Undergrad: 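Pasting a structure here, questions to come.
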Amino acid sequence: RLVATQNPIGINPDWPAGLGNVGEVISSPIHDYYLVGVGLCRGGPPGGLFATALVSYVRPAQSPEYTSDKCLEICDTLARCAGVELRNSNDWCELQVPILKVVGDGTDWGTGADAANEVALTPGWTEVVVPSSPAALTTAAERSGFYCWRKVVDCTAAPEDLCEDLKRYPCQESYTPNVCGPCQPLHIPEDGSDGNLPGTVQCNRDQSITLPTLKLALASPWYGGQIREETWYLAVIYGIKKAWEDNEGEDLIPIPVDRRMPFPINITGHTEAWDFTLPEARLAALGLDTSSDHRIENHPMSGIRAMSCLKQDGYTTAYRLNEPPDAGRTRPHAIIGSTSDNTGSGWQSHETIDLPVSHTATFMETPVLGWSFTSKEFTSEENHRYYMRINRVGLKYEAALGGLLQNWGV
């Protein structure tokens, strides 16, 4: 006969991967635990959800000794344990610990404020990792058979808006009741205390850190020509750069001023010419003057080249690409899309140009700010994950150009 069996606490093989069962609650002897998702605790981009507070993790080698109930009991007792990751095999215990402090070649696990308990309850746990990629107990990367549980703490006296004003992570992502979490990235407590720990002290931006430059590459050689419309669009792009650097209001930059990081912006990859011409038969088919030299300035290869690297080499010399001297093959963070098809040399449509550019961008993991706004093809987040459709008429050209003119006194 069949005998009914009960799943170990925190484990349910019938739950599908993902967020379908988010909010399930289990009770251990001391604490309740909230299901973040069926999957790994280190979720975040590009899995579809944005990670917030960084999470370190501490775990032993796989061993049947550490069943789910044993793991939860350990997390119950450890002050810095904010949650656990379990798996169907019921022989895995991964403690989630917000932002361990790096000390020498290791971390402060076993030497911090709760050192005695950490040493006593996790002997020989050699896998103590501070991840370099985004990770958080607010997300779960979908994977069947894994379960991410967050320890429930009382946050009645530490609402999210209070923690946001302090530039700290929410209390819910920490492990201390009624206290906000660690400082947000690139922030430190104003009293000089440890920003990795929960607290109530205001965190301010760390002025000693040099912020990296946001590198944008212009994907089309169409920009920079002497035609009025081309010069206009180029002015808009540099006007936005100017508005950012001048910390203009939300009417120009739709991000609250107090939420911005003042990183510099560099616009590179400007192409003088692509030097790609059409044969006479093709010119005739397009109704163009077959006696003229029609240089094609919205060729997809210029966009692909722009996202691959920013460096002067033989390729840039051959095709007259204006790119900065660079000791390494520096890729841009994003490229600004192709030209339109309303000029004599812009004979291909946005969709024709941006389709290969978008597929290449998926491979290169380089966002494309493209202008193929009306094409339904680019609405697919599955096929065009890195393509952002931009509606040009939505920009305030006059405001951007005004900032540009004011800067250079034109």
Side-chain angles (χ1 to χ4, degrees), residues 7-63 66-100 107 109 118 121-122 125 127-155 160 169-177 181-182 198:
N7 292 323
I9 185 171
I11 295 174
N12 191 330
D14 294 331
W15 288 347
L19 308 178
N21 291 89
V22 168
E24 296 279 352
V25 176
I26 56 174
S27 296
S28 194
I30 300 176
H31 289 281
D32 289 340
Y33 290 82
Y34 173 98
L35 183 67
V36 176
V38 178
L40 305 176
C41 282
R42 289 168 303 285
L49 296 174
F50 290 98
T52 49
L54 286 174
V55 175
S56 308
Y57 55 88
V58 180
R59 64 190 179 199
Q62 195 167 351
S63 169
Y66 298 106
T67 57
S68 63
D69 56 347
K70 178 67 173 177
C71 187
L72 290 166
E73 288 179 15
I74 292 173
C75 188
D76 275 350
T77 310
L78 293 176
R80 288 200 289 180
C81 183
V84 300
E85 181 183 289
L86 308 175
R87 59 172 60 174
N88 278 345
S89 58
N90 198 26
D91 58 0
W92 181 261
C93 180
E94 183 175 287
L95 307 178
Q96 307 300 307
V97 184
I99 317 183
L100 285 173
T107 70
W109 184 256
E118 291 168 1
L121 293 174
T122 59
W125 289 30
E127 294 190 66
V128 181
V129 180
V130 179
S132 58
S133 59
L137 279 179
T138 53
T139 64
E142 296 185 7
R143 184 175 296 184
S144 297
F146 289 78
Y147 308 89
C148 183
W149 294 95
R150 185 179 74 220
K151 183 189 289 184
V152 177
V153 295
D154 182 10
C155 294
E160 287 194 29
Y169 284 111
C171 165
Q172 290 85 349
E173 294 185 37
S174 184
Y175 47 81
T176 305

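Nothing here was measured: the structure is a model prediction, and the numbers come from that model.
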Undergrad: Just by distance, do the side chain of Ser68 and the backbone of Ile9 share a donor-acceptor pair under 3.5 Å?
TA: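 Looks like yes, one N/O pair under 3.5 Å.
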
Undergrad: Please verify the inter-ring angle class for Tyr147 with Trp15; under 30° counts as parallel, over 60° as perpendicular, anything in between as tilted.
TA: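 Perpendicular: the ring planes of Tyr147 and Trp15 meet at over 60°.
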
Undergrad: Looking at every non-hydrogen atom in both residues, tell me the closest pair between Val97 and Arg80 and how far apart they are.
TA: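 Scanning both residues, the minimum pair turns out to be CG1-O, 3.5 Å.
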
Undergrad: Are the side chains of Pro13 and Asn7 in touch, meaning some heavy atoms are under 4.5 Å apart?
TA: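 Answer yes - side chains close enough.
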
Undergrad: Can you name the residues that form a side-chain hydrogen bond (donor to acceptor under 3.5 Å, both in side chains) with Tyr66, not counting sequence neighbours?
TA: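 So Tyr66 forms a side-chain hydrogen bond (donor to acceptor under 3.5 Å, both in side chains) with Trp125.
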
Undergrad: Between Glu85 and Phe146, is any pair of side-chain heavy atoms under 4.5 Å apart?
TA: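 Result yes, sub-4.5 Å side-chain heavy-atom pair found.
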
Undergrad: To the nearest 0.5 Å, what is the distance between CD (Glu118) and CG (Leu95)?
TA: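 With rounding to 0.5 Å, CD (Glu118) is 9.5 Å from CG (Leu95).
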
Undergrad: Which heavy atom in Trp109 sits nearest to a heavy atom in Thr122, and how many Å separate them?
TA: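 Taking every non-hydrogen atom into account, NE1-OG1, 3.2 Å.
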
Undergrad: Distance check, rounded to the nearest 0.5 Å: Tyr33 atom OH versus Leu72 atom CG?
TA: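 The CG atom of Leu72 is 5.5 Å from OH of Tyr33, to the nearest 0.5 Å.
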
Undergrad: Would you give the length of the straight line joining atom CG of Asp91 to atom OG1 of Thr67, rounded to the nearest 0.5 angstrom?
TA: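 Between atom CG of Asp91 and atom OG1 of Thr67 there are 9.5 Å.
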
Undergrad: Enter the distance from Gln172:CD to Asp154:CG here, rounded to the nearest 0.5 Å.
TA: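 Taking CD in Gln172 and CG in Asp154, the distance rounds to 9.5 Å.
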
Undergrad: When you compare the side chain of Asp32 with that of Ile26, does any pair of heavy atoms fall below 4.5 Å?
TA: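 They are not in contact (no side-chain heavy atoms under 4.5 Å apart), so the answer is no.
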
Undergrad: Might you point out which heavy atoms bring Glu24 and Trp149 nearest each other, and give the distance in Å?
TA: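 Looking at all heavy atoms of both residues, the closest pair is O-CZ3, 3.3 Å.
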
Undergrad: For the backbone of Cys75 and the side chain of Lys151, can you confirm whether one donor and one acceptor N or O come within less than 3.5 Å of each other?
TA: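 Checked: pair present.
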
Undergrad: Would you check if Cys171 and Val153 make a side-chain contact, meaning some heavy-atom pair closer than 4.5 Å?
TA: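 Sidechains of Val153 and Cys171: in contact.
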
Undergrad: At their closest point, which heavy atom of Gly23 faces which heavy atom of Tyr34, and how far apart are they?
TA: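 So the minimum-distance heavy-atom pair works out to CA-CE1, 3.5 Å.
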
Undergrad: Heavy atoms only: give me the nearest Glu94-Cys71 pair and the separation to one decimal.
TA: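 Answer, listing the atom of Glu94 first, then Cys71: N-SG, 4.2 Å.
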
Undergrad: Side chain of Ser28, backbone of Ile30: donor and acceptor closer than 3.5 Å?
TA: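 Judged by distance alone, no pair lies under 3.5 Å.
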
Undergrad: Within the structure provided, determine whether Leu78 and Leu121 are in side-chain contact (heavy-atom separation under 4.5 Å).
TA: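 Heavy-atom side-chain distance check passes, below 4.5 Å.
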
Undergrad: Hey, does the side chain of Gln96 reach the backbone of Val84 with a donor-acceptor pair shorter than 3.5 angstrom?
TA: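 The answer is no, because no donor-acceptor pair under 3.5 Å joins these two groups.
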
Undergrad: Report the distance from atom CG of Asn90 to atom NZ of Lys70, rounding to the nearest 0.5 Å.
TA: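 Going from CG on Asn90 over to NZ on Lys70, the span is 13.5 Å.
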
Undergrad: Which heavy atom in Val38 sits nearest to a heavy atom in Ser144, and how many Å separate them?
TA: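 Nearest heavy atoms, Val38 then Ser144: CG1-CA, 4.4 Å.
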
Undergrad: Using side chain to side chain contact (heavy atoms under 4.5 Å, CB included) as the criterion, list what pairs up with Pro29, not counting sequence neighbours.
TA: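 Residues passing side chain to side chain contact (heavy atoms under 4.5 Å, CB included) with Pro29: Glu73, Asp76.
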
Undergrad: In Å, rounded to the nearest 0.5 Å, how long is the span from CD1 of Ile74 to SG of Cys81?
TA: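 Result: 9.0 Å between the selected atoms.
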
Undergrad: Decide yes or no on side-chain contact (heavy atoms from CB on, under 4.5 Å) for Val128 and Val58, but give the supporting numbers first.
TA: CA-CA 5 Å; Val128 181; Val58 180; 4.0 Å; yes

